[in-house]
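Accompanying notes for the structure given below.
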Number of protein chains: 2
Amino acid sequence: MIEIKHLKTLTTLNATGSLIETARQLHLTQSAISHQLKELEGRLNCALFIRKSRPIRFTVSGLRLLDLAEQVLPQINNAERDVARFCSGNAGRLHMAIECHSCFQWLMPAIDKFRDSWPEVELDFCSGFSFLPLPALKRGDLDLVVTSDPQPIEGISYIPLFCYQPMLALSRHHRLAHKSYIEAEDLSQETLITYPVEKERLDIFNLFLTPEGVSPAKIRHADLTLMMLQLVASGRGVAGLPNWALFEYLQKDYVVARRLGKEGIWNTLYAAVREEQQGMAYLQDFIKTAISCCFKDLKGIKVASTEAPYFEN
Amino acid sequence: MIEIKHLKTLTTLNATGSLIETARQLHLTQSAISHQLKELEGRLNCALFIRKSRPIRFTVSGLRLLDLAEQVLPQINNAERDVARFCSGNAGRLHMAIECHSCFQWLMPAIDKFRDSWPEVELDFCSGFSFLPLPALKRGDLDLVVTSDPQPIEGISYIPLFCYQPMLALSRHHRLAHKSYIEAEDLSQETLITYPVEKERLDIFNLFLTPEGVSPAKIRHADLTLMMLQLVASGRGVAGLPNWALFEYLQKDYVVARRLGKEGIWNTLYAAVREEQQGMAYLQDFIKTAISCCFKDLKGIKVASTEAPYFEN
DNA sequence: TTTTATTATGAATTTTTTTCAAGTATTGTT
DNA sequence: AACAATACTTGAAAAAAATTCATAATAAAA
């Protein structure tokens, strides 16, 4: 009668409040979701939610099923993980590197969860920018690299995690703060505060300044997100940071954020792994865990398509 | 990944010990079950049971999923029942009659369970043979009749419960006890002990004696199964009873049982309901509960096809 | 009221599930 | 140990179900 996919659909419908967004998250069309729910309501002979309202509201029956989903879905996840542990060897190594400092915010809880499930897996991570992580991954010194700048390297495959919006953080009193979006030219007289990495590894250059041939007046480095934002708030410059990393500081009114270009920019964060390791149970579980942590903890991110990244050459 | 149907399949596979019997219970071909499990093992990349043994044995992974099923399936059933209660009115009437005395054995636990789930439904039942139950059902005096002898009555539909084998109970020392099966002619010199109903309502006449044109030497009535078996054990006659009703007495060696005719006879027990009531949630739930109780408690019964009975005219 | 965004629906298409038919393996029997 | 009987596997065909596409209907926002 009722199926697990129904519980998943209802759960994300509850989270999103609309069919169309549910469809996006589940990588289906809105039509498919509509058909699926109609079919289920037909089987149960019972309305599950009230359509003529936004956000959608659930009936008692719908709520009862949400309740069921909350019980059942974690149980199923646990069982699947256990089975994966029994089957594949449950020991292994997971050494990872993060190209983006801010990522620690969501990576920490994900790693904690993972350690509980796979105590035998040897965990290690580094975020230093003292070496190039993708070649290290290729060599086998690393097993997973979190990057927003995938390179077409033989034997490396990229699994999309989520989409985010690189934005510009400004002091509330900054001369650009009145604009609803920032143009590349605006930055030619500004001090840009970045993480201490080469320009080529920074979204704001790759996707915004370099294509327009603009350079900021001055570049200044800072190690920590919080330090960058203190500098911004103190009027020492502006900073390019992902929207989800800015969220809590925006709420506290430390700074304001503006999108880059009229339409804004969307970029995708990937987990890079060696192709031959991609099927390994604990790796897959780590990535699954990481994604679910992101969508729980971060505001403003979107689901990525399941597709591998497209390389021009 | 894993679906509810998989959990159901694994559960009944555990109960039956073979794919072929699992298939029968789930109303599928054995091939379908084989494909389904192979597909699941492929998805999990993991063997769930060891094929080269009968009865089939589960791997640790298989056992883990059985465990999951045991947690999850009842939760789902409860939720579905709750939804049914919310949607349809949760009050109503369920007056039933049983044509077969022995049926109390499995009906009692089913009724107990049902009362817990649907406290608002007014329950009543009678097993007297003082009136014809099917016309009473048609009139609306009853809501459900348990019968093994469906009549083609306009507006009445029959839902199969299970298949059983009417058998002949004999004293261990009876002159026919050495035969592996009973022929109609054998009974022409015997005293047949039956429930106090007309011959036309008894399986042993309908399906065995009447077609062969044989009558027993004498007919004697008894109210209770246990009383009938005491009479049989005391050599006062023989009795026709369903195999599942005899099971516990056979184990205690009170009596022996022989099948009717060389191939034995199989008959189906039905729940008769008024067509317009058939869709009602609590009725459907009662029948579902009854069936599951039967298969838990009774030995020797088989699943019935989902088909309505076939009437010759 | 018009516009925009969301949801519903029917038909076409794709994917999945099931059955059929035939082959292989296992068990139990003589 | 060979035989039959029963149970399971497998690939292809058929049937059923899910998904998409195109479009209509509906609700919210401007």
List, with names and distances, any nitrogen or oxygen atoms from the protein found under 3.5 Å away from nitrogen or oxygen atoms belonging to nucleotides 20-22 of chain C.
from: C:dC20; atom 1: N4; to: B:Ser31; atom 2: OG; distance (Å): 2.6

Taking only nitrogen or oxygen atoms into account, show me every contact under 3.5 Å that the protein makes with nucleotides 13-17 of chain C, one pair per line with its distance.
from: C:dT17; atom 1: OP1; to: B:Lys5; atom 2: NZ; distance (Å): 3.1

Filtered N/O pairs between nucleotides 26-30 of chain C and protein, under 3.5 Å:
from: C:dT27; atom 1: O4'; to: B:Arg54; atom 2: NH2; distance (Å): 3.3

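Using a 4.0 Å heavy-atom cutoff across all strands shown, A:Ile56 reaches sugar-phosphate atoms only and no base atom. Counting any heavy atom pair closer than 4.0 Å across all strands shown, A:Ser18 reaches sugar-phosphate atoms only and no base atom.
Regarding A:Phe49, its CZ atom lies at a distance of 15 Å from the P atom of C:dT6, rounded to whole Å. Taking atom CG of residue A:Leu19 and atom P of nucleotide C:dT6, one finds them 11 Å apart after rounding to whole Å. Protein atom CG of A:Leu28 is 16 Å distant from nucleotide atom C1' of C:dT7, rounded to whole Å.
One N or O on the side chain of B:Thr59 and one on the backbone of B:Leu48 form a donor-acceptor pair closer than 3.5 Å. Here the side chain of A:Thr12 pairs no donor or acceptor atom with the backbone of A:Ala15 at under 3.5 angstrom. Without hydrogens or angle criteria, B:Arg85 side chain to B:Glu80 main chain gives no donor-acceptor distance under 3.5 Å. The closest donor-acceptor contact from the side chain of B:Asn267 to the backbone of B:Tyr164 lies at 3.5 Å or more, if one exists at all. Of the possible polar contacts, none joining the A:Ser34 side chain to the A:Gln30 backbone as a donor-acceptor pair under 3.5 Å is found.
The pair B:Asp253-B:Arg172 does not meet the salt-bridge criterion, since no charged nitrogen lies less than 4.0 angstrom from a carboxylate oxygen. Ion pair B:Lys38/B:Glu41 not flagged as a salt bridge, since none of the NZ, NE, NH1 or NH2 atoms sits closer than 4.0 Å to an Asp/Glu carboxylate oxygen.
A:Lys302 forms a cation-pi arrangement with A:Trp266, by the criterion of a distance under 6.0 Å to the ring centre and an angle within 45° of the ring axis.
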Mind listing the side-chain donor-acceptor pairs of residues 277-292 of chain A below 3.5 Å, one per line with the distance, residues two or more places apart or on another chain?
from: A:Gln277; atom 1: NE2; to: A:Asp143; atom 2: OD1; distance (Å): 3.2
from: A:Gln278; atom 1: OE1; to: A:Ser157; atom 2: OG; distance (Å): 2.8
from: A:Tyr282; atom 1: OH; to: A:Arg93; atom 2: N; distance (Å): 3.0
from: A:Tyr282; atom 1: OH; to: A:Arg93; atom 2: O; distance (Å): 2.8
from: A:Gln284; atom 1: NE2; to: A:Gln278; atom 2: O; distance (Å): 3.4
from: A:Asp285; atom 1: OD1; to: A:Arg81; atom 2: NH1; distance (Å): 3.1
from: A:Asp285; atom 1: OD2; to: A:Arg81; atom 2: NH1; distance (Å): 2.9
from: A:Asp285; atom 1: OD2; to: A:Trp118; atom 2: NE1; distance (Å): 2.6
from: A:Lys288; atom 1: NZ; to: A:Asn77; atom 2: OD1; distance (Å): 3.4
from: A:Thr289; atom 1: OG1; to: A:Asp285; atom 2: O; distance (Å): 2.7
from: A:Ser292; atom 1: OG; to: A:Thr289; atom 2: O; distance (Å): 3.3

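To the nearest 0.5 angstrom, A:Leu63 atom CG is 7.5 Å from A:Phe58 atom CZ.
In this structure the side chain of A:Leu260 never reaches within 4.5 angstrom of the side chain of A:Met167, judged on heavy atoms.
A 6.0 Å sphere centred on CZ of A:Arg43 holds more than 12 heavy atoms belonging to other residues, nucleotides or ligands.
For the helix from C:dT1-D:dA30 to C:dT30-D:dA1, the terminal axes (five pairs an end, C1' atoms, rotation from four pairs onto the next four) enclose an angle of 40°, given to 10 degrees.
The nucleotide range of DNA chain D contacted by chain B, defined by atoms under 4.0 angstrom from heavy atoms of the protein and reported 5' to 3', is D:dA7 to D:dA12.
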- Go through the steps for A:Arg258 and A:Glu183 under the test salt bridge (Lys or Arg N to Asp or Glu O under 4.0 Å), then give the verdict. CA-CA 10 Å; A:Arg258 296 290 175 259; A:Glu183 290 158 289; over 6 Å; no

- Query: Going through the distances and angles, do A:Ile33 and A:Leu13 end up as a side-chain contact (heavy atoms from CB on, under 4.5 Å)?
  - Reply: CA-CA 10 Å; A:Ile33 300 295; A:Leu13 182 59; 5.9 Å; no

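Counted by atom type alone, B:Gln36 and B:Thr9 present one or more donor-acceptor pairs between their side chains at under 3.5 Å.
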